[in-house]
Amino acid sequence: MGDRRALETQLAVVVGFENPQVRLEQYPTPPDIAAHVVHLADLQGDIDGRTVVDLGTGTGMLALGAALRGPARVVGVEVDAEALATARDNERRVGTTTPIHWVRADATRAPLCGSGGDSKTTVLMNPPFGAQNGNRGADRAFLSTAAELADVSYSIHNQGSREFVESFAADEGGEVTHAFGATLTLERQFDFHDEATRDLDTEVFRIRWS
């Protein structure tokens, strides 16, 4: 179990989206937030020796953070081929020896099986917030996949999502065990962004699925 600051430093080499797509809400997960989420998961015993799945992995930030903490394997699922190519490059930059499988697929229809036997699966994800037209409810679809695949999941959502997340988890036989606020500092990516950087208030949830 390593130091959170050290993990953040290791993840600082991860490159973001070269051509981010608005419709997919492609915002990179900052290294400090990724390190925070992965470190918490590690402290809870949710990474070591497990299968870790990053749904909508983008360029691999959460997947690579988990890979540095001793899982049995990591699976990064991403629909955007260009982002996956960057994720593979980032794997080489980070230099982890953990087996990582990059899978091009819709994360809401991931061609994966859930836990079986003694194996445990943890999902880490920074899903689309559903802020763009045509993408409403995107985070709900990601949570639904997590409920099917995982024993435990960690997900990042828009501030004010707690009631929705707790209700959804309860309907699927799950329980929110941890919740905390986090600020994502995002650099300007799209033409409709006015500022060079923007702070986005979010909430992170750990859900234990039955």
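Values below: all heavy atoms of this structure, side chains included; hydrogens, waters and symmetry mates excluded. Keep in mind it's a predicted model, so treat the numbers as computed, not measured.
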Novice: Assign the ring pair W209 / F168 to parallel, tilted or perpendicular, where the plane angle (0 to 90°) is split at 30° and 60°.
Specialist: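 Answer is perpendicular, since the angle exceeds 60°.
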Novice: Does R50 reach the main-chain N or O of T122 with its side chain, forming a donor-acceptor pair under 3.5 Å?
Specialist: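 Flag not set: sc R50 to bb T122 has no pair under 3.5 Å.
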Novice: Between H36 and F180, is the ring centre distance below 6.0 Å?
Specialist: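 When the ring centroids of H36 and F180 are compared, they turn out to be within the sub-6.0 Å range.
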Novice: Should the pair R5-E8 be classified as a salt bridge under the 4.0 Å nitrogen-to-oxygen rule?
Specialist: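 Looking at E8 together with R5, the answer is yes, because their closest N to O distance falls below 4.0 Å.
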Novice: Quick one, L64 and V14 - any side-chain contact, counting heavy atoms below 4.5 Å?
Specialist: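 Answer yes - side chains close enough.
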Novice: Answer whether the closest heavy-atom distance between the side chains of T57 and V77 falls below 4.5 Å.
Specialist: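 Side chain of T57 against side chain of V77, heavy atoms only: no contact under 4.5 Å found.
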Novice: Quiz question: by atom type and distance under 3.5 Å, do the side chains of R208 and T177 form a donor-acceptor pair?
Specialist: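 No pair is found: no donor N or O on one side chain lies under 3.5 Å from an acceptor on the other.
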Novice: Has the side chain of E91 got a donor or acceptor atom that lies under 3.5 Å from a matching backbone atom of I100?
Specialist: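 Pair absent, no side-chain N/O of E91 close to backbone of I100.
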Novice: Can you name the nearest heavy-atom pair linking V38 to R69, along with the distance?
Specialist: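 What the structure gives for the nearest pair is CG1-CG, 3.9 Å.
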Novice: Quick one: does any side-chain atom of Q10 pair with a main-chain N or O of V94 as donor and acceptor, under 3.5 Å?
Specialist: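 Here the side-chain-to-backbone pair does not exist.
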Novice: Between D54 (side chain) and A63 (backbone), is there a donor-acceptor pair under 3.5 Å?
Specialist: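 Yes; at least one donor-acceptor contact below 3.5 Å.
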Novice: With heavy-atom distances below 4.5 Å as the criterion, would you say the side chains of N126 and S155 are in contact?
Specialist: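 No, their side chains stay 4.5 Å or more apart.
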Novice: Before giving the answer on side chain to side chain contact (heavy atoms under 4.5 Å, CB included), spell out for V75 and V103 the whole-Å C-alpha distance, their side-chain angles and the decisive distance to 0.1 Å.
Specialist: CA-CA 7 Å; V75 181; V103 178; 3.9 Å; yes
Novice: Has S210 got a side-chain atom pairing as donor or acceptor with G173's backbone, closer than 3.5 angstrom?
Specialist: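 Flag set: sc S210 to bb G173 pair under 3.5 Å.
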Novice: Over all heavy atoms of both residues, which pair between A87 and G60 is shortest? Give the atoms and the distance, please.
Specialist: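 Heavy-atom minimum between the residues: CB-N, 4.0 Å.
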Novice: Does a side chain donor of either R162 or H157 reach within less than 3.5 Å of an acceptor in the other side chain?
Specialist: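 R162 vs H157: no donor-acceptor pair found between side chains.
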Novice: Using atom types as modelled and distance alone, determine if a side-chain donor or acceptor of T59 lies under 3.5 Å from a backbone N or O of V15.
Specialist: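 Yes, T59 side chain to V15 backbone: donor-acceptor pair under 3.5 Å.
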Novice: For A107, is there any backbone N or O sitting under 3.5 Å from a side-chain donor or acceptor partner on T145?
Specialist: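 At least one qualifying donor-acceptor pair exists.
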Novice: Are H178 and F205 an aromatic pair by the rule of ring centers under 6.0 Å?
Specialist: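 No; F205 has its ring centre 6.0 Å or more from that of H178.
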Novice: At their closest point, which heavy atom of A182 faces which heavy atom of I33, and how far apart are they?
Specialist: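 For A182 versus I33, the nearest heavy atoms are CB-CD1, 3.7 Å.
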Novice: Have a look at R73 and tell me which of V52, T51, V53 forms a side-chain contact (heavy atoms from CB on, under 4.5 Å) with it.
Specialist: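 The option that passes is T51.
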Novice: Please check if any side-chain donor atom of T121 sits under 3.5 Å from a side-chain acceptor atom of D151, or the reverse.
Specialist: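 On atom types as modelled, these side chains do not qualify, holding no pair under 3.5 Å.
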Novice: Does the side chain of L143 reach to within under 4.5 Å of the side chain of M125, using non-hydrogen atoms?
Specialist: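 A side-chain contact under 4.5 Å exists here.
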Novice: Report yes or no: does E78 contribute a side-chain atom to a donor-acceptor pair with the main-chain N or O of G58 at less than 3.5 Å?
Specialist: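 Such a contact is found between E78 side chain and G58 backbone.
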Novice: With a 4.0 Å cut-off on N to O distance, would you call R206 and D46 a salt bridge?
Specialist: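 Judged by the 4.0 Å cut-off on N to carboxylate O distance, R206 and D46 do form a salt bridge.
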